[in-house]
Amino acid sequence: MRRRVIAVLVGLVLAVALATGILSALALRDSLMSQLDQRLLASSQRALGAQHELRGHRDAGGPPPGLDVPGQGTGTVSVSVGPDGTLSGYIGEDGTFLPLTAAQVERLLDVDPGAPATVDLGDLGSYRALAVTDVDDGRVVTGLSTEDVDDTVQDYVAAETGIALVAVAGAATAGGLLVRRQLRPLDEVAATATTVASLPLHEGQVALDERVPARYTDPATEVGQVGAALNRLLAHVEDALRQRHDSETQVRQFVADASHELRTPLASIRGYTELLRRLPGELPEGAEQAIGRVESESARMTTLVEDLLLLARLDAGRPLAREEVDLAVLAVDAVADAHVAGADHTWRLDLPDPEVSGPALVVGDEDRLRQVLANLLANARVHTPAGTTVTTSVRCEGDTVQLHVEDDGPGIAPELLPRLFHRFARGDAARSPGTGSTGLGLAIVDAVVRAHAGRVAADSVPGRTVFTVSFPAAPAD
Ligand SMILES: Nc1ncnc2c1ncn2[C@@H]1O[C@H](COP(=O)(O)OP(=O)(O)OP(=O)(O)O)[C@@H](O)[C@H]1O
Ligand SMILES: [Mg+2]
């Protein structure tokens with residue numbers, strides 16, 4: 001826009017300078033020509049008078065009578081046709097009479113009597129010539145050089161061009177400064193918009209206090225109106241975000257409270273079933289099985305409630321413990337547990353050599369990190385058939401510590417992959433009743449890993465499913 005405004009300004013100045021330059025040069029030339037014509041008329045009358053006076057007294061080779069009279073200036077040309085024949089010549093620089101060539105004479109005699117005309121006299125240049133008829137078919141043609149007029153007009157055009165160039169340069173510089181100054185508020189508006197665009201508006205509590213400075217929001221100017229409109233928009237968005245955050249917080253608080261409140265009745269249910277079992281005597285038929293179901297369902301519900309409570313706490317940004325944890329140690333424990341729980345799977349462990357890369361230390365909450373490993377290994381056990389090999393590896397790569405859990409099971413359905421880490425996302429098999437699957441395991445993995453400033457990703461094709469978790473390594477000191 002800046003460039004366009006300056007280009008238009010320069011174009012306008014150039015057009016105006018060109019138009020005024022051409023018109024004034026033409027007017028100047030016109031005026032100088034009419035002055036020259038006046039002088040030509042006077043010179044022609046002097047020449048005609050001399051022709052009358054010297055009629056019949058001129059030598060055939062001598063200068064024409066029109067040059068011989070006082071008042072004729074240097075460069076004046078004259079051709080006279082009369083009783084002494086055709087005489088021609090011009091007054092040279094030093095005042096002497098010089099002859100004209102036959103071609104020059106012919107051109108001068110071609111001039112129609114009456115009005116002055118411009119003729120080109122070859123070496124002598126451009127001339128203004130006036131032909132007058134004399135008695136007895138005689139004729140006198142007088143000419144004055146247009147050189148002075150041409151020179152003056154040329155000098156004028158050169159001066160005009162110089163002035164126009166200076167004006168254009170001045171307009172470009174002043175225009176540039178002015179436009180930059182006028183549009184500076186727009187830069188501020190753009191800078192504010194860019195800063196807001198880079199804010200993580202999609203997550204957590206948003207402090208949207210970025211605004212266009214008040215001095216650039218003057219409603220009297222167009223740019224100020226843009227700044228003011230942006231500020232209004234930002235205030236509106238801030239309000240909407242705050243309301244959204246408040247309602248999200250309320251929902252989280254509700255889930256956390258509900259989960260918390262459910263813990264006590266669940267503990268009671270478990271306690272009473274245990275009491276039932278301890279009662280002396282035989283239980284009636286079917287009661288044994290019913291108590292078993294109550295136990296397993298309440299255990300499942302306890303897990304679900306614990307998971308929901310954990311997610312609600314992570315969502316609320318509750319601070320986690322921050323201690324140095326060796327991921328390799330956690331991996332050893334988790335694989336050992338998985339071995340016990342899934343004896344029909346093959347469990348492999350691939351750990352870094354602490355001598356080479358040092359311990360795989362990360363800073364975080366040990367219990368939560370154990371849960372990440374447990375959830376990933378539980379998935380590799382529960383969602384794959386017996387005989388599947390599961391490899392857990394820990395790697396120290398630069399300033400990250402990576403954990404891979406890989407299995408050669410049937411893999412994750414491609415349509416599930418994009419929402420794998422969403423809450424309650426489960427595969428078809430996991431939906432069937434009695435699997436004990438809730439679809440919160442990977443959502444918890446994702447939330448815990450994020451709370452540790454890490455990343456988790458899943459890659460799955462039939463025969464190879466790998467979960468990669470990377471955490472920032474604990475600082476060396
Ligand atoms: N290693 C794996 N192989 C095949 N499918 C998997 C694997 N890991 C996860 N999945 C699929 O991803 C879905 C989501 O896993 P997630 O751990 O979140 O829930 P879940 O295991 O079904 O239930 P929960 O872990 O809460 O008991 C699972 O239902 C399963 O279909
Ligand atoms: Mg799971």
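One-based numbering, in listed order, for ligands and for the atoms of each. Counting from 1, the numbers follow the sequence of the chain as shown.
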Output a table of donor-acceptor pairs, distance under 3.5 Å, between side-chain atoms of residues 406-413 and any protein atom two or more places apart or on a different chain; print 'none' if there are none.
unit_1 : atom_1 : unit_2 : atom_2 : d
Glu406 : OE2    : Arg464 : NE     : 3.2
Asp407 : OD1    : Gly409 : N      : 2.9
Asp408 : OD1    : Thr389 : N      : 2.9

Distance-only N or O hit between ligand 1 and Gly441, under 3.5 Å: yes
Closest candidate by heavy atom, reference atom 31 (O) of ligand 1, pool Pro462, Gly427, Ala458: Gly427
message: If I apply the N/O under 3.5 Å rule, does Leu442 come out as touching ligand 1?
response: yes
message: My understanding is that we take every heavy atom of each candidate and find the minimum distance to atom 23 (O) of ligand 1. Doing that for Ala374, Pro410, Ala380, Gly439, which one comes out nearest?
response: Gly439
field: Asn375 heavy atom under 4.0 Å from ligand 1
entry: no
- prompt: Does Gly411 have a heavy atom less than 4.0 Å from any atom of ligand 1?
  reply: yes
- request: Please state whether the separation between the Mg ion (ligand 2) and some N/O/S atom of Asn379 is under 2.8 Å?
  value: yes
- prompt: Quick one: do the Gln253 and Asp257 side chains pair a donor with an acceptor below 3.5 Å?
  reply: yes
Can you give the donor-acceptor pairs under 3.5 Å from side chains of residues 154-168 to other protein atoms, not counting sequence neighbours?
unit_1 : atom_1 : unit_2 : atom_2 : d
Tyr156 : OH     : Ser24  : OG     : 2.7
Thr161 : OG1    : Val157 : O      : 2.7

message: Whether Arg242 and Asp239 form a salt bridge (side-chain N of Lys/Arg under 4.0 Å from carboxylate O of Asp/Glu) is what I want to check.
response: yes
message: Tell me whether Ala425 reaches ligand 1 (any heavy atom closer than 4.0 angstrom to a ligand atom).
response: yes
statement: Of all protein heavy atoms, the one nearest atom 1 (N) of ligand 1 is Asp407 OD2, 2.9 Å
query: Between Ala443 and ligand 1, is there a nitrogen or oxygen pair with a distance under 3.5 Å?
result: no
